[in-house]
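One structure is given below, encoded as structure tokens.
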Amino acid sequence: MQAQNLLIIMSDQHNRAMMGCYGHPLVRTPNLDRLAARGTRFTSCWTPSPVCIPARAAFAMGKYIHQIGFWDNADPYDGSVPSWHHRLRDGGHRVVSIGKLHFRSDEDDCGFSETIVPMHVVEGKGDLLGLIRDDLPVRGAAHKMAGLAGPGESPYTLYDRDIAARAQVWLHEEASKPADKPWVLFVSFVAPHYPLTAPPEHFYRYYDNPSLPRPKFYKMDERPDHAFVQDYARAFNFDDYFATAEDVRRATAGYYGLCSFMDEQAGKVLDALAACGLAQTTRIIYTSDHGDAVGQRGLWGKSTLYEEVCGVPLIVAGHAIPSGRVIDTPATLLDLYPFIIECAGESGPAFIDPDHPGFSIARLADGERPQRTVLSEYHGMGSTTGAFAIRNGRYKYIHYVKYRPQLFDLESDADETTDLARDPRCAAMLRECETKLRALLSPEEVDARAKKRQAEQLARYGGRAAVIARGDLGFSPPPGFNAEFH
């Protein structure tokens with residue numbers, strides 16, 4: 001692959017169904033749709049973990065959560081394990097980030113040549129409540145999901161506007177400076193992560209639309225009866241604050257509006273790239289760290305392993321990337337690690353570890369279908385047990401160390417409403433899936449290792465009572481804003 005510059009645009013908590021190019025009938029994402037039309041779009045890409053901090057740590061290092069040990073939102077990446085940013089920077093490339101990182105601190109060497117308006121975890125600690133893995137506390141900031149939904153600006157929309165502006169400035173003033181090797185620019189937005197406060201021009205586009213749908217499976221008798229899901233719903237009791245259909249409508253319009261707002265900011269960056277004459281010499285990646293339930297099944301936010309949460313959008317465009325292609329082969333964000341290295345013109349053990357599980361997105365885009373097991377795992381807030389999802393052909397298997405498994409046929413049941421795990425006709429497939437998972441890892445060993453680390457962290461921060469007394473953030477504040485605990 002020819003070495004070229006690389007622009008990576010990452011959003012936060014973007015449900016991949018909420019895009020025009022992924023088939024949504026209402027949500028407008030014209031800029032990303034155009035990118036998909038001239039590139040390759042992946043329909044079955046998973047996050048390594050459906051929560052911000054582990055997902056971003058895994059994306060940086062290109063390895064699964066059980067390999068790296070950054071388990072939850074209280075265990076942020078600290079630069080101690082080499083990332084693709086470290087390796088490319090140390091190899092002579094300019095590697096710049098603008099926006100959300102959600103690492104421990106800018107005092108750590110996280111591998112970038114420069115970080116511009118970085119957003120990290122609060123106090124270098126993050127969400128300490130997630131360290132409590134039994135008798136789960138109820139989140140004090142859950143009221144913010146419904147309470148802040150509506151038209152307006154939030155600290156997050158203001159931050160994203162600043163990120164887009166600074167990215168445009170960097171492209172105009174820095175990108176064309178002489179360099180021996182290609183650069184990588186990582187532009188990381190926070191939308192459509194809640195608060196569900198969307199700029200009015202985007203909010204009312206959906207709120208005023210009579211076709212705005214109600215979330216799927218929102219009625220009480222339609223919601224899952226699985227214990228893992230119920231644990232999350234009790235701890236993150238967002239839905240308790242949705243008292244009326246109007247509340248749900250405002251939240252849905254807010255999320256849709258934030259998707260369009262984020263697309264608008266991404267479009268500004270893409271337009272600047274073209275205006276600078278760099279479009280032909282720069283490859284582009286668009287993706288997100290994980291998805292969002294957006295009320296589906298009565299759930300809001302992340303932290304489950306349904307497709308609306310563990311699935312992520314992925315679009316890749318540029319030189320040697322097929323145009324207008326759609327790839328259904330299961331992929332993972334970890335597949336971007338080797339692709340990023342290749343884009344920069346590098347290869348070999350100095351850049352990619354032998355135990356790296358990724359398979360380059362470029363090869364997937366060319367039609368290769370590797371025989372492997374794609375994994376997403378969860379060990380964090382709102383859960384009492386480790387959870388592990390794998391793809392096995394058309395089937396999706398979710399293993400819980402503490403609870404019964406789930407099995408879904410994604411071809412005939414894309415919405416994951418029919419759990420086949422207790423169907424005697426699927427017993428052989430259930431055994432096959434568990435065998436494939438256990439070929440990757442021991443669920444019991446990984447679960448015990450995660451909980452041991454979390455118990456140590458909990459003790460370090462004063463124990464259960466002290467962590468609960470500290471309170472719940474709801475969402476991390478961007479630079480220039482203070483943390484608000486509840």
Hey, is the main chain of [Y] close enough, under 3.5 Å, to the side chain of [X] for a donor-acceptor pair?
X    : Y    : answer
E222 : K219 : yes
D419 : L407 : yes
T287 : M10  : no
D415 : T417 : no
R223 : F217 : no
S44  : T329 : no
Y64  : L375 : yes
D413 : T418 : yes
K125 : R104 : no
R16  : C45  : yes

Checklist entry - How far apart are the C-alpha atoms of H66 and F388, what are their side-chain angles, what is the distance that settles it, and do they pass the side-chain contact (heavy atoms from CB on, under 4.5 Å) test? => result CA-CA 10 Å; H66 67 274; F388 307 83; 5.7 Å; no
Checklist entry - After noting the C-alpha distance and the side-chain angles of L6 and L185, does the key distance pass the side-chain contact (heavy atoms from CB on, under 4.5 Å) rule? => result CA-CA 6 Å; L6 178 63; L185 178 64; over 6 Å; no
[X] vs [Y] side-chain heavy atoms within contact, under 4.5 Å:
X    : Y    : result
I53  : V121 : yes
M429 : N392 : yes
M19  : H14  : yes
H93  : E346 : yes
R234 : L136 : no
K396 : I398 : yes
V312 : D289 : no
Q406 : Y306 : yes

Among side-chain atoms of [X] and [Y], is any donor-acceptor pair under 3.5 angstrom?
X    : Y    : result
D134 : T384 : no
Y378 : T304 : no
S476 : H102 : yes
T373 : R391 : no
S154 : Y194 : no

Checklist entry - Going through the distances and angles, do Y395 and L410 end up as a side-chain contact (heavy atoms from CB on, under 4.5 Å)? => result CA-CA 6 Å; Y395 291 96; L410 294 182; over 6 Å; no
Checklist entry - Given Y403 and F228, is the ring-ring contact (aromatic ring centres under 6.0 Å, His included) satisfied, shown in steps? => result CA-CA 7 Å; Y403 297 133; F228 181 87; 7.2 Å; no
Cation-pi between [X] and [Y]: NZ/CZ under 6.0 Å from ring centre and within 45° of the ring axis?
X    : Y    : value
R470 : F485 : no
R41  : Y22  : yes
K436 : Y397 : no
R56  : F103 : no

Item to check | K302 vs D292, salt bridge (Lys or Arg N to Asp or Glu O under 4.0 Å): CA-CA, chis, key distance, verdict | outcome: CA-CA 5 Å; K302 47 212 168 192; D292 190 305; over 6 Å; no
Checklist entry - Hey, mind stepping through Y218 and D239 against side-chain hydrogen bond (donor to acceptor under 3.5 Å, both in side chains) and telling me if it holds? => result CA-CA 10 Å; Y218 187 75; D239 200 62; 2.5 Å; yes
Next on the checklist: side-chain hydrogen bond (donor to acceptor under 3.5 Å, both in side chains) for D108 and S105? Distances and angles first, verdict last.
Outcome noted: CA-CA 6 Å; D108 298 320; S105 168; 4.9 Å; no
Checklist entry - Does E444 pair with R438 as a salt bridge, N-O distance under 4.0 Å? => result yes
Item to check | Salt-bridge criterion met for D447 and K452 (N-O under 4.0 Å) | outcome: no
Decide if atom [atom1] of [X] counts as having more than 12 heavy atoms of other residues, nucleotides or ligands within a radius under 6.0 Å.
X    : atom1 : answer
R404 : CZ    : yes
N482 : CG    : no
E456 : CD    : yes

Checklist outcome for this item: Value for NZ (K402) from CZ (R133), rounded to nearest 0.5 Å, stands at 9.5 Å
Checklist entry - For K63 and D353, what are the C-alpha separation, side-chain angles and deciding distance, and is it a salt bridge (Lys or Arg N to Asp or Glu O under 4.0 Å)? => result CA-CA 10 Å; K63 296 182 180 180; D353 293 337; 2.9 Å; yes
Checklist entry - Is there a salt bridge (Lys or Arg N to Asp or Glu O under 4.0 Å) between K216 and E416 once you walk through the steps? => result CA-CA 11 Å; K216 291 181 179 180; E416 299 166 283; over 6 Å; no
Contact summary for [X] and [Y], nearest pair of heavy atoms:
X    : Y    : answer
A60  : H85  : CB-NE2, 3.5 Å
P48  : I65  : O-CG1, 3.9 Å
P50  : E377 : CD-O, 3.6 Å
C426 : L420 : CB-O, 3.6 Å

Item to check | Trace of the salt bridge (Lys or Arg N to Asp or Glu O under 4.0 Å) decision for R139 with D127 | outcome: CA-CA 11 Å; R139 293 290 173 140; D127 178 25; 3.0 Å; yes
Item to check | From CA spacing to verdict: side-chain contact (heavy atoms from CB on, under 4.5 Å), V117, K100 | outcome: CA-CA 8 Å; V117 291; K100 179 175 180 176; over 6 Å; no
Checklist entry - Run the ring-ring contact (aromatic ring centres under 6.0 Å, His included) check on F112 and H86 step by step: do they pass? => result CA-CA 6 Å; F112 290 103; H86 283 101; 8.4 Å; no
Next on the checklist: Run the ring-ring contact (aromatic ring centres under 6.0 Å, His included) test on W84 and F351 for me, step by step, so that the C-alpha distance in whole Å, both residues' side-chain angles and the decisive distance to 0.1 Å come before the verdict.
Outcome noted: CA-CA 7 Å; W84 57 260; F351 291 90; over 10 Å; no
Checklist entry - In a check of ring-ring contact (aromatic ring centres under 6.0 Å, His included) between F475 and each of Y156, F481, Y159, which one passes? => result Y156
Next on the checklist: Is the ring pair F70/Y77 parallel, tilted or perpendicular, if the boundaries are 30 and 60 degrees?
Outcome noted: perpendicular
Checklist entry - Please walk me through it: do Q13 and S288 pass side-chain hydrogen bond (donor to acceptor under 3.5 Å, both in side chains)? => result CA-CA 6 Å; Q13 212 155 306; S288 193; over 6 Å; no
